[in-house]
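Since the structure comes first, as structure tokens, the remarks are kept for the end.
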Amino acid sequence: MTSKEKIELILSELKQVSHLEIYQKTSDLKRFSKDFFDYSPILANELKDCLADIVVRPISEEAIINVARICNKYSTPLTLRGSGTGNYGQSVPLNGGVVLVMSGLKKIKNFDSKSGEITVESGCLLRDINDELIKHGRQLRLLPSTWRSASIGGFIAGGSGGIGSVRWGFLRDPGHLQSLEIITTEDSPRKIELNANNSEALNHAYGTNGIITALTLTTAPSVQWQQIVVDCFDWNQAVDLLNKFNRAALELYLATLLEKEIVNCLPHWSGKPSGKHRILLLVAPDGVSTVERLAKSAGANFEDLGSENLKAGTGLRELSWNHTTLHMRGVDPDWTYLQMLLPQPESEMMQKLKSEWGSNLLWHLECVRQNGVQRIASLPLVKWQGEEALNQLISQCIDLGAVIFNPHTITVEDGGLGVIDSDQVQAKSNYDPKGILNPGKLKGWNIKGN
Ligand SMILES: Cc1cc2nc3c(=O)[nH]c(=O)nc-3n(C[C@H](O)[C@H](O)[C@H](O)COP(=O)(O)OP(=O)(O)OC[C@H]3O[C@@H](n4cnc5c(N)ncnc54)[C@H](O)[C@@H]3O)c2cc1C
């Protein structure tokens, strides 16, 4: 059977499935085969021709089970997609096949008023979950800066942290994900429930080892975050002050530091550029006076922009994390980026690289809690000068003690985890024995010779 004939057979079976939208127009196939991988010129080149054969959007679990059964029967790749805002081609079908868009499963299933835990279907947008939580005096602990458009299933399977990481660390830290409901892609697909322990292997696995249909998350009490901007003349002084904020008895949701050249290019939502480096903070109301005191005693400018207006989409959080990269690329698409945990003390390493790379490297720092310790991560902007130059910069960062989370690679392991997680591979053997889910993205499975 030719591959064209196989796709025709799959299509004819999919057409029998109820509660399933099917997309076949080339424009739809192209739209649902891309994410934001073009932030990386390397991935842009590597993934430009990847195209789904069929795109489906189920609106019931029964429909997902049927899609899983049909794809298993024909051993056809099945790539899951939330909102498609990932940066590493996570939802791009490397070998064609079926793309399954999860946005039709978007019910909020339960809020437990005692524990604050929320159970939602995986296609729910983070924005909608947060809106629901605020009604109960709660909020999400962790959000990507794409929180208005991204789905919770995509965040768990493809994201890592972001706004809130300064307090709550990263999504894979124990205590965020309490349970999952998944559908397997075995010969007879099953729906199964996984407790917190068993869910870990599917957390940040790029949808390679199970179709997440619902999940339970812990939440935090909601806070009316105050937006504070602190401007510093000197970079090392700004880093010292950022560390002071990071380590003080302050309730923070965001602590970002941007080099002045970046501030000049951003929309003016944090105020007009002052020619100085800029710290952006989201802090609880009882922390504002402490931030002011620390800023003024360091000789920095302090500006209180007041409470966040979450309806507007023009707040400090939309200038942070990879939204900084987004705005910089809007000005000049030759900007790309790296992701790393900085060594301590941070300044020496940054200075060394700056003296060599000059204006082709602009520092963007984010405070995070890493393994329970307050640290500084960085998403520096890097002017694209070719793959060799980028690899040289990565090597230099590693030599100077940084831990790199490379956003220019397509596998779970190369992008974030760094090592093969045997539990992820075992979960794939258990729930996706034919290896049809998002093939090519789990290195541990590829190496096994699958
Ligand atoms: C401007 C910009 C800023 C960003 N900022 C951040 C940030 O601060 N923090 C961060 O972590 N990320 C960030 N990202 C990356 C991305 O937006 C987030 O990780 C987001 O949560 C992904 O959600 P999504 O619904 O778009 O997922 P998608 O991109 O659609 O999918 C992501 C991965 O999850 C898998 N997946 C999707 N749904 C399911 C499911 N139901 N079951 C199993 N697997 C599934 C997909 O196969 C894919 O591998 C940013 C991206 C951009 C472009």
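In listed order, ligands and their atoms are each counted from 1. All residue numbers in this chain count up from 1 along the given sequence. Everything quoted here is computed from the prediction, not taken from an experiment.
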Out of A205, G161, A214, G162, indicate the one that has the non-hydrogen atom closest to atom 9 (N) of ligand 1. G161

Would you mind telling me if ligand 1 is within reach of the side chain of S83, the backbone, both or neither, using heavy atoms under 4.0 Å? both

Under the side chain to side chain donor-acceptor pair (under 3.5 Å) definition, can you give me all pairs with a residue in residues 150-171, not counting sequence neighbours? none

I'd like the name of whichever of D38, L379, I183, T85 reaches closest to atom 22 (C) of ligand 1 through any heavy atom. T85

Say whether Q374 and R369, considering side chains only, have a donor N or O and an acceptor N or O under 3.5 Å apart. yes

Quick one: look up the protein heavy atom nearest atom 51 (C) of ligand 1 and list residue, atom name and how far away it is. N87 OD1, 3.0 Å

Quick test: of every protein heavy atom, which one is nearest to atom 40 (C) of ligand 1, and how far off is it to 0.1 Å? I212 O, 3.8 Å

Does a side chain donor of either N438 or K441 reach within less than 3.5 Å of an acceptor in the other side chain? yes

I need the atoms of ligand 1 closer than 4.0 Å to a non-hydrogen atom of M102, numbered in the order shown. 41 (N)

Residue pairs passing the salt bridge (charged side-chain N to carboxylate O under 4.0 Å, His left out) test with at least one member in residues 16-31, sequence neighbours excluded, are E21-R57, D28-R31

With a 4.0 Å heavy-atom cut-off (strictly under), which part of F155 contacts ligand 1: side chain, backbone, both or neither? both

Scan side-chain atoms only and decide if S320 and T256 contain a donor-acceptor pair under the 3.5 Å cut-off. no

Parallel, tilted or perpendicular, judged at 30° and 60°: which one describes the rings of Y253 and W225? parallel

Enumerate the atoms of ligand 1 whose separation from the nearest heavy atom of A157 is less than 4.0 angstrom. 34 (O), 35 (C), 36 (N), 44 (N), 45 (C)

Testing T185, T184, N209, T208 one by one against D432 for a side chain to side chain donor-acceptor pair (under 3.5 Å), which residue passes? T185

Residue selection (non-hydrogen contact nearest atom 47 (O) of ligand 1) among T79, I64, L80, L105: L80

Of all protein heavy atoms, the one nearest atom 19 (O) of ligand 1 is G159 CA, 3.3 Å

Closest protein heavy atom (residue, atom, distance) for atom 25 (O) of ligand 1: S151 OG, 2.6 Å

Identify, for atom 29 (O) of ligand 1, the protein heavy atom at the shortest distance, and state residue, atom and that distance. G86 N, 2.9 Å

Give me the atom names and distance for the closest heavy-atom approach of E346 to N243. OE1-ND2, 3.1 Å

Looking at S122, which atoms of ligand 1 are within less than 4.0 Å of one of its heavy atoms? 41 (N)

For W321 and E366, does a side-chain donor sit closer than 3.5 Å to a side-chain acceptor? yes

Ligand 1 to Y39, heavy atom cutoff 4.0 Å, flagged ligand atoms 1 (C), 53 (C)

Is there a side-chain contact (heavy atoms from CB on, under 4.5 Å) between E13 and R69? Walk through the geometry before answering. CA-CA 10 Å; E13 292 205 31; R69 183 181 48 75; 4.2 Å; yes

Given P407, S145, P144, identify the one with the heavy atom nearest to atom 5 (N) of ligand 1. S145

For ligand 1, which atoms have a heavy atom of L326 less than 4.0 angstrom away? 1 (C)

Atoms of ligand 1 less than 4.0 Å from N438 heavy atoms? 47 (O), 49 (O)

May I ask you to list the atoms of ligand 1 that are less than 4.0 angstrom from any heavy atom of G207? 43 (C), 44 (N)

Are a donor atom and an acceptor atom from the side chains of E117 and Q178 found within less than 3.5 Å of each other? yes

Is the shortest distance from a Lys or Arg side-chain nitrogen in D414 or K443 to a carboxylate oxygen in the other one below 4.0 Å? yes

Considering only heavy atoms of N322, which atoms of ligand 1 have at least one such atom less than 4.0 Å away? 1 (C), 2 (C), 3 (C), 4 (C), 5 (N)

Tell me which part of F36 gets within contact of ligand 1: side chain, backbone, both or neither, using heavy atoms under 4.0 Å. side chain

